[in-house]
Amino acid sequence: TGGRAPAGTAALLRGGAPELLVDAAAFAARRDAAAAMLVARHLADPKLEVITVLGCNATGRAVMELAVKAFPGLERMLCYDPDVAAQAAFADEIMTTFSVASIIPPEPREAVEGAQLLVSCLQPAPPKPVVEPEWLQAGTTCVLLDGLATFTPATLAAAARRVTDSLPAWRAAAA
């Protein structure tokens, strides 16, 4: 490609030829998941048994891969995605790969209620927030990997512990 990396990849070029190619989307998903689980491990209950993942995609998969390592007592995952086929495939993959019971509620509220750790990584971000404050149980740790798109301002205020991947967006929402 004339010394350029293919679209969607980052490359280390030496002498005009690719030395290393990295799929940028896969790298970003794993980076986000690693940061999320590093923080969650310190903020969430170490005896965590239930995680909710909003967004059945590469980031959600990476989150679950690390969550089972960070929380050895993890027993159940609830997942939600507007794409019902993606949601079902994701739940099946998590159940067979990690031996974690996977539940696929039809509505986000049913996925959120009872979560000890809630990770949002919906892609594309929903047109309006979908998580309401009354859905959160006391002590839920919320990790926002899709900016602030999934949570209403009242939900952010109600969350006991929250982590985001966008400080500028967080500051804008807090104003």
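Please read all numbers here as calculations on a predicted model, not as lab measurements.
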Quick one: does Val100's side chain get under 4.5 Å of Met95's, heavy atoms only? no
Transitive ILVMFWY cluster of Val84, excluding itself - 4.5 Å side-chain cut-off: none
In short, salt bridge (charged side-chain N to carboxylate O under 4.0 Å, His left out) pairs touching residues 121-131 with sequence neighbours left out are none
side-chain hydrogen bond (donor to acceptor under 3.5 Å, both in side chains): pairs with one or both residues in residues 102-112, sequence neighbours excluded: Arg109-Glu113
To the nearest 0.5 angstrom, please state how far the CE atom of Met37 sits from the CG atom of Asp32. 11.0 Å
For residues Val112 and Leu136, determine if any side-chain heavy atom of one lies less than 4.5 Å from a side-chain heavy atom of the other. yes
Leu118 and Val130: same hydrophobic cluster, using ILVMFWY side-chain contacts below 4.5 Å? yes
Please tell me if the side chains of Ile104 and Cys79 come closer than 4.5 Å, counting only heavy atoms from C-beta onward. yes
Distance check, rounded to the nearest 0.5 Å: Leu48 atom CG versus Leu43 atom CG? 12.0 Å
Set of side-chain hydrogen bond (donor to acceptor under 3.5 Å, both in side chains) partners for Glu93, sequence neighbours left out: Arg61
Less than 4.5 Å apart, any side-chain heavy atom of Gln137 and any of Gln116? yes
I'd like a table of donor-acceptor pairs (distance under 3.5 Å, sequence neighbours excluded) in which one partner is a side-chain atom from residues 65-77, with atom names and distances.
{"unit_1": "Glu65", "atom_1": "OE1", "unit_2": "Arg30", "atom_2": "NH1", "d": "3.1"}
{"unit_1": "Glu65", "atom_1": "OE2", "unit_2": "Arg30", "atom_2": "NH2", "d": "3.3"}

Could you list the donor-acceptor pairs under 3.5 angstrom formed between side-chain atoms of residues 49-57 and any protein atom two or more places apart in sequence or on another chain?
{"unit_1": "Thr52", "atom_1": "OG1", "unit_2": "Ala111", "atom_2": "O", "d": "2.6"}
{"unit_1": "Asn57", "atom_1": "OD1", "unit_2": "Thr59", "atom_2": "N", "d": "3.1"}
{"unit_1": "Asn57", "atom_1": "OD1", "unit_2": "Gly60", "atom_2": "N", "d": "3.0"}
{"unit_1": "Asn57", "atom_1": "ND2", "unit_2": "Cys121", "atom_2": "O", "d": "2.7"}

Just so I know, are the side chains of Ile103 and Pro105 near enough to count as touching, which here means a heavy-atom distance under 4.5 Å? yes
Is Leu145 reachable from Phe90 through a run of I, L, V, M, F, W or Y residues, each pair having side-chain heavy atoms under 4.5 Å apart? yes
Quick check: does any side chain N or O of Thr155 sit under 3.5 Å from a backbone N or O of Phe151, one acting as donor and the other as acceptor? no
Hey, is the main chain of Leu122 close enough, under 3.5 Å, to the side chain of Asp146 for a donor-acceptor pair? yes
With respect to Val119, which candidate in Leu144, Thr141, Val63 satisfies the side-chain contact (heavy atoms from CB on, under 4.5 Å) definition? Val63
